[in-house]
Each structure stands twice: as structure tokens, then as C-alpha cells.
Amino acid sequence: MLSASNKRLFAAWIVLSAITAAYLWIDHSADDHGTPVASTSATVGAIVLALVKVRIIMREFMEVRHAPRLLCRLTDLWVVLMAAGMLGMYFAGKAVA
Amino acid sequence: MTTTQAPPTEAAKARRVPGQPDMWVLVLVESLIFTSYFGVYLFYRAQHEAAFLQEQAHLDLWLGIVDTIVLLTSSWSVARCVQNARAGRYPAAVRDACVTAALGLLFLALKIAEWAGHITAGHTLTSGEFFTHYFFLTVIHAVHLLIGLVVVGIVVRQLADPRRRDQQVVETCATYWHTVDFLWVLIFALLYVAR
């Protein structure tokens, strides 16, 4: 019999695994008849989904949701910083290409 | 005028940092260092999309997905280890820590097999820009994973000996392992899926 906290961990693992499987759909939709083609939406989607997973890992597995509000806000800020850094550099690279 | 401050609720009182705060500093610094490298990778990738795509086509997405699910499962296991240790269920906590280590070793074995396949096919650190980033990121991550295996070994040693048990050390070690996991989540998305 799973306790409530164990059920929550299991649910988090299911969601994380399902998001991981969703990458197959991104990969398939970005192909042109089996040939990989450059896709801004696939790249942005892959980064955003990865950051959603990072936040779930932090909140649920790393127990940040039980942590002081400062750590909750700091980790959320970090996810936003990572998003800004990665997407910013990606679009900067596209702009100068 | 005086203001009265409401006493903290029970929930607010119970809020505490999981593990040692120093580990959280390391987590945030590591995340920034990796993000800087991810930014450099994405900057060059966006400029040379065709060359990156051509080399990226040699990666097996299914293998990347299996790697990711193996590490996510190891993170789930170490999270259960923390909860079992907190509840005083030490045999279960030791079992969870051992499962975590076994999954870490499985991830490493899969990675070594993948590297061997690429090297045999002529894709090395110097064969192209994509594979330079691929080997750099996956090897650096594997080094972090090896450190993580030592850290999980410390957890097993602590939990197995009643004189050494320390919940804060268990939580600190688990925090490190989760960091190895979420860094891989990002590496997987950037190397295997980004187009």
C-alpha cells in the first residue's frame, strides 16, 4: 500500500516519463518523410519541455515544495534564467546566421 | 502606530531546506555553468543547422529516451530512499539507495556502449562540431554521475550503520543525485531532440 507521499512521487515519475515519451512525437513531427529538418518549433518545444521536467524534479523529487519560500522562488527564478539563457542564445545564433 | 504580526502557521514552521544549504549553492552554480555551455552549443547550432542535423542523425533517439527513463527512475528511487529514511524504515531506504546505484550503473553502461558504437563508426570528439559537443557534454555528465555513485555509496554506508545515520546527509546526497538527473534531462533534449 503506497502512502500519500509515495503516490505523489509515483505520479511525478509517470508525468516525467510521459513527457520524455512526448519527445518521440516532436521528433516525428519535425521530420520531412524520415529526413530530419531544422525546426525552430521543435527546438523551442524540446527546451521548454525539458525545463518543465526540471521544475517537476525540483518541486517533487528534491522536495522544494516543502522548502522555505526563498528556495522555492530561487529555483523558479533559476528555471526562468536557464530558459532565457538557452532560448536567447539560440535566437541570437539564428539572427547572426 | 504599532503593527501586529500574525504568528507563522504550522505549515510555514515546517518548511525547511532539504539537505545542507551548501549543496543548494552547488546545484545553482552547476546549473548556471551547464546553462552557459548549453547556450554556446545552441548559438553554434543555430548558425550551422545543416551540419549539426547531418551528424545528429547518427544518434538513436530511442536510446536517449531509455537513458532518460533509467535516470528518472533512479531519481524516483532516491526520493523514496529519503522518505523511508525519514520514517525510520532503514532496510527499505538501503534497498532504494542500492536500486539508485544499480540504475546509475545501467545508465553508464548504456552510455559506454553508445560511445563505443559512435567511435567505431568514425564519429569522435574531433570528427565534427556536433560530436565535439556530444562527447564533451556526455562525458562531463558521466563524470558527475560517477561522483553521484560515490555519494549514493555514502548514503548506503550511513543508513546501514545505526551510529552513522544522519537524515541531513541523506537529503544532501539525494539532492546531488537529482541534479545529475535534471542536467541529463536538459542534455538529452538539446543533443537528441533539438532541431
Side-chain angles (χ1 to χ4, degrees), chain A residues 3 5-6 9-10 12-13 16-17 20-21 23-24 26-27 30-31 35-51 53-55 57-58 60-64 66-72 74-75 78-79 81-82 85-97, chain B residues 11-12 14-19 21 24 27-28 31-32 34-36 38-50 52-54 56-57 61-62 64-65 68-69 72-73 75-76 78-80 82-83 87 171 174-175 177-179 181-183 185-190 192-195:
Chain A
S3 67
S5 55
N6 262 334
L9 287 180
F10 179 62
W13 179 79
L16 289 165
S17 299
T20 304
Y23 280 123
L24 282 170
I26 290 184
D27 182 70
D31 278 3
T35 308
V37 290
S39 165
T40 301
S41 56
T43 304
V44 172
I47 293 170
V48 170
L49 281 183
L51 288 166
K53 287 165 71 180
V54 168
R55 188 169 188 270
I57 291 168
M58 285 177 164
E60 302 298 330
F61 287 173
M62 298 171 91
E63 301 185 332
V64 166
H66 297 305
R69 293 194 199 289
L70 175 65
L71 188 60
C72 296
L74 200 58
T75 50
W78 239 247
V79 172
L81 277 179
M82 286 193 274
M86 286 191 274
L87 294 174
M89 289 295 277
Y90 174 66
F91 285 112
K94 283 189 90 69
V96 298
Chain B
R15 284 181 173 271
R16 54 177 201 83
V17 175
W24 282 95
V27 169
L28 298 179
S31 310
L32 272 196
F34 269 86
T35 302
S36 305
F38 297 154
V40 171
Y41 164 79
L42 285 164
F43 184 78
Y44 284 109
R45 181 181 180 106
Q47 290 183 69
H48 309 285
E49 283 179 329
F52 272 71
L53 276 175
Q54 194 181 2
Q56 186 188 19
L61 179 66
W62 273 102
I65 286 176
T68 307
I69 290 179
L72 288 173
T73 309
S75 249
W76 175 33
V78 86
R80 285 201 318 268
V82 169
Q83 289 194 356
E171 290 174 9
T175 300
W177 188 267
H178 294 307
T179 305
D181 179 30
F182 81 65
L183 288 175
V185 162
L186 292 164
I187 291 169
F188 165 69
L190 297 178
Y192 292 75
V193 191
R195 295 297 177 83

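Letters A, B, ... mirror the listed sequences (proteins, then strands); counts begin at 1.
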Under 4.5 Å to a heavy atom of chain B? For A/Val44 that would be neither
CE of A/Met86 to CG of B/Leu190: how many Å apart, nearest 0.5 Å?
6.0 Å
So what's closer than 4.5 Å to chain A heavy atoms on B/Ser36: side chain, backbone, both or neither?
neither
Under 4.5 Å between any side-chain heavy atoms of B/His178 and A/Glu63, yes or no?
no
Check each atom of B/Thr175 against the heavy atoms of chain A and say whether the ones under 4.5 Å are side chain, backbone, both or neither.
both
Say you draw a straight line from CG of A/Leu51 to CZ of B/Phe182; how long is it, rounded to the nearest 0.5 Å?
10.0 Å
So, the part of A/Leu16 with a heavy atom under 4.5 Å from chain B: the answer is both
Closest approach of B/Ala189 and A/Ala46, non-hydrogen atoms and distance?
CB-O, 3.6 Å
Roughly how far, to the nearest 0.5 Å, is OG of B/Ser31 from CH2 of A/Trp78?
8.0 Å
Measuring from B/Phe38:CZ to A/Met89:CE, what's the distance to the nearest 0.5 Å?
13.0 Å
Is it the backbone or the side chain of B/Leu28 that comes under 4.5 Å from a heavy atom of chain A, or both, or neither?
both
Counting only non-hydrogen atoms closer than 4.5 Å, does B/Trp62 touch chain A with its backbone (N, CA, C, O), its side chain (CB onward), both, or neither?
side chain
A/Asn6 versus B/Arg80: any side-chain heavy-atom pair under 4.5 Å?
yes
At a heavy-atom separation under 4.5 Å, does A/Leu71 approach chain B through its side chain, its backbone, both, or neither?
side chain
State, to 0.1 Å, how close A/Ser5 and B/Gln83 come at their nearest heavy-atom pair, and which atoms those are.
OG-OE1, 3.0 Å
A/Val96 vs B/Phe43 side-chain heavy atoms within contact, under 4.5 Å
yes
Write down the atom of A/Ala38, the atom of B/Leu53, and the distance for their closest heavy-atom approach.
N-CD1, 3.1 Å
Kindly assign one of parallel, tilted or perpendicular to the pair B/Trp76 and A/Phe10, based on the angle between their ring planes and the thresholds 30° and 60°.
tilted
Can you tell me if OH on B/Tyr44 sees more than 12 non-hydrogen neighbours from other groups inside 6.0 Å?
no
Distance from A/Lys94 atom NZ to B/Leu42 atom CG, nearest 0.5 Å?
11.0 Å
Is the shortest side-chain heavy-atom distance between B/Leu72 and A/Ile57 below 4.5 Å?
yes
Measure the shortest side-chain to side-chain distance between B/Val78 and A/Phe61 over non-hydrogen atoms and say whether it is less than 4.5 angstrom.
no
Rounded to the nearest 0.5 Å, how far does CG of B/Asp181 lie from CE of A/Met62?
9.0 Å
Heavy-atom distances under 4.5 Å only: say whether A/Leu49 touches chain B with side chain, backbone, both or neither.
neither
What part of B/Phe188 lies closer than 4.5 angstrom to a heavy atom of chain A: side chain, backbone, both or neither?
side chain
Minimal non-hydrogen separation, A/Ala50 against B/Leu186, with atom names:
CB-CD2, 3.8 Å
State, to 0.1 Å, how close B/Ala46 and A/Gly93 come at their nearest heavy-atom pair, and which atoms those are.
CB-C, 3.6 Å
